[in-house]
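We're numbering straight along the sequence, starting at 1. These values consider heavy atoms only, across backbone and side chains, with no hydrogens, waters or symmetry-generated copies.
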Amino acid sequence: MPLIDTEQQQIFKQSLKLMGNQFEITVVADDQAFADQNIEKAIVEIKRIEQLLTTFKSDSQTNQINENAGVAAVKVDAEVFYLIQRSIRISEISQGAFDITYGSLDKRFWNFDANMVSLPDKDLAKQSVSLINYKNVVLDAINQTVFLKEKGMRIGFGGIGKGYAADRAKRVLQEAGISNGIVNASGDLTTWGFQPNGKPWTVGIASPQHKLTPFSFMDISNMSIATSGNYEKFAIIDGKKYSHAIDPNTGFPVFGINSVSIICPQAELADALATPVMVMGVTIGLNLINQLSNVACIIIDDQNRLYTSKNVNINKVKN
């Protein structure tokens with residue numbers, strides 16, 4: 001049990017929109033002023049990362065890479081280079097189910113709302129993902145450059161950026177003397193330390209049918225968790241529920257899984273693994289996770305059956 005002065009320590013929170021998502025930063029501190037001062041440092045760090053990774057600003061390094069696709073290599077900051085390098089490694093271990101070159105996907109095919117009543121033609125779907133191929137990202141470690149081989153290719157960090165930002169914000173807070181806290185990047189969260197009463201931080205695993213109602217909970221102090229689910233963006237077509245997760249190999253949305261939660265020490269890795277496990281399916285997805293050190297997984301399929309990796313212990317909520 002950690003030694004914490006429970007009479008002095010309190011929980012302070014701040015919630016705001018960053019990187020197009022709702023972030024909530026929670027710290028344990030003695031007073032409001034100290035908490036606010038350091039939360040602001042974390043916010044500044046997240047905004048800095050957003051400027052590097054965003055595709056909505058023409059001067060971001062991500063857009064510079066995309067604008068020069070098929071033309072020239074682009075020199076980038078070390079952290080952008082190594083984030084892309086780590087992304088490609090995840091593409092390799094997931095056999096392409098995770099791919100940061102998804103940015104070229106024609107989103108006109110995938111509205112995932114009430115107006116989407118049929119799937120596109122298979123040939124058109126395949127064509128829409130023809131430029132998605134992580135193997136066509138050329139990294140030059142000596143010159144620290146990134147080159148996309150094909151014109152029209154685009155990279156994006158929607159599958160890993162939030163987790164990376166959460167990890168960076170956590171590090172900034174720890175270096176500032178915040179020993180206990182949570183950074184929640186729209187459901188992708190990382191924790192460190194403990195609550196003021198000395199108990200671990202806990203997280204509820206949302207029910208696929210009622211996302212605000214947890215069906216189980218876990219102690220996740222000093223761990224991170226990310227969840228990808230089909231309960232927010234989906235379409236019902238011919239009686240099947242298709243999530244917003246697209247298989248980059250086929251161009252079609254995947255079905256069969258309601259949600260995937262990944263638990264591991266880094267929010268970046270948890271964020272990056274959640275969607276590809278949905279794409280890979282229960283059997284192959286669990287097989288991948290069971291081969292990784294310090295990574296756990298909880299899957300709920302479209303029949304509400306629960307599957308876990310070998311190293312998971314969860315506590316069901318008692319009615």
For the residue pair E24 and K13, establish whether any side-chain heavy-atom pair is separated by less than 4.5 Å.
yes
Distance-only donor-acceptor hits, side chain of residues 140-158, under 3.5 Å, sequence neighbours excluded:
unit_1: D140; atom_1: OD1; unit_2: I142; atom_2: N; d: 3.0
unit_1: D140; atom_1: OD1; unit_2: N143; atom_2: N; d: 3.0
unit_1: D140; atom_1: OD2; unit_2: N143; atom_2: ND2; d: 2.8
unit_1: Q144; atom_1: NE2; unit_2: V76; atom_2: O; d: 2.6

For Q51 and D59, does a side-chain donor sit closer than 3.5 Å to a side-chain acceptor?
yes
Under 3.5 Å: donor-acceptor pair, side chain of S309, backbone of N290:
no
Audit row: K162, D271, salt bridge (charged side-chain N to carboxylate O under 4.0 Å, His left out) steps and yes/no
CA-CA 7 Å; K162 285 189 304 174; D271 189 10; 5.2 Å; no
What residues, two or more places apart in sequence or in another chain, satisfy side-chain hydrogen bond (donor to acceptor under 3.5 Å, both in side chains) together with S60?
none
Side-chain donor/acceptor of S94 to backbone N/O of F98, under 3.5 Å
yes
Can you see whether E79 engages Y164 through a side-chain donor-acceptor pair at a distance of less than 3.5 angstrom?
yes
Residues at least two apart in sequence or cross-chain that pass side chain to side chain contact (heavy atoms under 4.5 Å, CB included) with Q85, listed by chain then number, are F81, Y82, R89, L139
Nearest heavy-atom pair of C264 and A270: which atoms, and what distance?
SG-N, 3.5 Å
Using residues 165-174 as the side-chain source, report each donor-acceptor pair under 3.5 Å to any protein atom, sequence neighbours left out, with the distance given to one decimal.
unit_1: D167; atom_1: OD1; unit_2: A267; atom_2: N; d: 2.9
unit_1: D167; atom_1: OD2; unit_2: A267; atom_2: N; d: 3.2
unit_1: D167; atom_1: OD2; unit_2: E268; atom_2: N; d: 2.9
unit_1: R168; atom_1: NE; unit_2: E45; atom_2: OE2; d: 2.8
unit_1: R168; atom_1: NH2; unit_2: E45; atom_2: OE2; d: 3.1
unit_1: R171; atom_1: NE; unit_2: E175; atom_2: OE2; d: 3.2

Side-chain heavy atoms under 4.5 angstrom apart, residues restricted to Ile, Leu, Val, Met, Phe, Trp, Tyr: same cluster for W201 and I39?
no
Would you please test T275 and S228 for side chain to side chain donor-acceptor pair (under 3.5 Å) and show each step?
CA-CA 6 Å; T275 298; S228 181; 3.3 Å; yes
Is a donor on one side and an acceptor on the other found under 3.5 Å between the side chain of N258 and the backbone of D301?
yes
Residue pair Q10 / P196, side-chain heavy-atom distance below 4.5 Å
no
Any side-chain to backbone donor/acceptor pair from N38 onto F34? Under 3.5 Å, distance only.
yes
I'd like to know if L53 and I90 are part of one continuous hydrophobic network [Ile/Leu/Val/Met/Phe/Trp/Tyr, side-chain heavy atoms within less than 4.5 Å].
yes
For I182 and W192, the nearest pair of non-hydrogen atoms, with its separation, is N-CZ3, 3.6 Å
Quick one: do T54 and T62 satisfy side-chain contact (heavy atoms from CB on, under 4.5 Å)? Show the steps, please.
CA-CA 7 Å; T54 183; T62 305; over 6 Å; no
Examine I263 and I160 and state if one hydrophobic cluster contains both, with Ile, Leu, Val, Met, Phe, Trp and Tyr joined whenever side-chain heavy atoms are less than 4.5 Å apart.
no
Can you tell me if E50 uses its side chain to pair, donor with acceptor, with the backbone of M19 under 3.5 Å?
yes
Return yes when atom NZ of K41 has more than 12 non-hydrogen atoms of other residues, nucleotides or ligands closer than 6.0 Å, and no otherwise.
yes
Main-chain N/O of V295 paired to N311 side chain as donor or acceptor, under 3.5 Å:
yes
With a 4.5 Å cut-off on side-chain heavy atoms, are V28 and I178 touching?
no
From L18 CG over to F23 CZ, what is the distance, rounded to the nearest 0.5 angstrom?
6.0 Å
For V129 against P248, the heavy-atom pair lying closest together
CG2-O, 3.6 Å
Could I get the full list of side-chain hydrogen bond (donor to acceptor under 3.5 Å, both in side chains) partners for S261, not counting sequence neighbours?
T227
Using the side chain to side chain donor-acceptor pair (under 3.5 Å) rule, take E67 and N63 through it: C-alpha gap first, then chi angles, then the decisive distance, then the call.
CA-CA 6 Å; E67 288 171 4; N63 267 342; 5.1 Å; no
As a quick check of understanding, evaluate side chain to side chain donor-acceptor pair (under 3.5 Å) for D30 and Q9, giving each step before the final call.
CA-CA 5 Å; D30 293 337; Q9 299 272 283; 2.5 Å; yes
Does K47, at its NZ atom, have more than 12 non-hydrogen atoms belonging to other residues, nucleotides or ligands within less than 6.0 Å?
no
Run through the side-chain heavy atoms of Ile, Leu, Val, Met, Phe, Trp and Tyr, join any pair under 4.5 Å, and report what else lands in V254's cluster.
V279
Can you list the steps and then say if N184 with T26 is a side-chain contact (heavy atoms from CB on, under 4.5 Å)?
CA-CA 8 Å; N184 185 345; T26 302; over 6 Å; no
Compare all side-chain heavy atoms of I46 with those of I25 and state whether any distance is below 4.5 angstrom.
yes
Cluster question for you: counting only ILVMFWY and a side-chain heavy-atom cut-off of under 4.5 Å, with indirect links fine, are V74 and L131 together?
yes
Run the side-chain contact (heavy atoms from CB on, under 4.5 Å) test on Y307 and I300 for me, step by step, so that the C-alpha distance in whole Å, both residues' side-chain angles and the decisive distance to 0.1 Å come before the verdict.
CA-CA 6 Å; Y307 303 84; I300 303 171; over 6 Å; no
Keeping the roles fixed (side chain from S259, backbone from G229), state whether a donor-acceptor pair exists under 3.5 Å.
no
Least distance between heavy atoms, F194 atom then K199 atom:
CB-O, 3.5 Å
Can Q61 and D77 be said to form a side chain to side chain donor-acceptor pair (under 3.5 Å), step by step?
CA-CA 8 Å; Q61 293 190 17; D77 290 354; 3.1 Å; yes
Can you tell me if Q95 has over 12 outside heavy atoms packed within less than 6.0 Å of its CD?
no
Are L273 and I257 connected in the hydrophobic side-chain network, where two residues link if heavy atoms are under 4.5 Å apart?
yes
Would a 4.5 Å heavy-atom cut-off, applied to side chains only, mark I299 and L306 as touching?
no
With a 4.5 Å heavy-atom cut-off, do M223 and P265 have their side chains touching?
yes
For the CG atom of N66 and the OG atom of S58, what is their distance to the nearest 0.5 Å?
12.0 Å
Beyond-backbone contact of M280 with L288, side-chain heavy atoms, under 4.5 angstrom:
yes
Test item: I298 and V260 side chains (from C-beta on) under 4.5 Å apart, heavy atoms
no
So C297 and I262, side-chain contact (heavy atoms from CB on, under 4.5 Å) or not? Walk me through it.
CA-CA 5 Å; C297 180; I262 302 291; 3.8 Å; yes
Could you report the tightest heavy-atom contact between Q64 and N68, atom names first, then the distance?
O-ND2, 2.8 Å
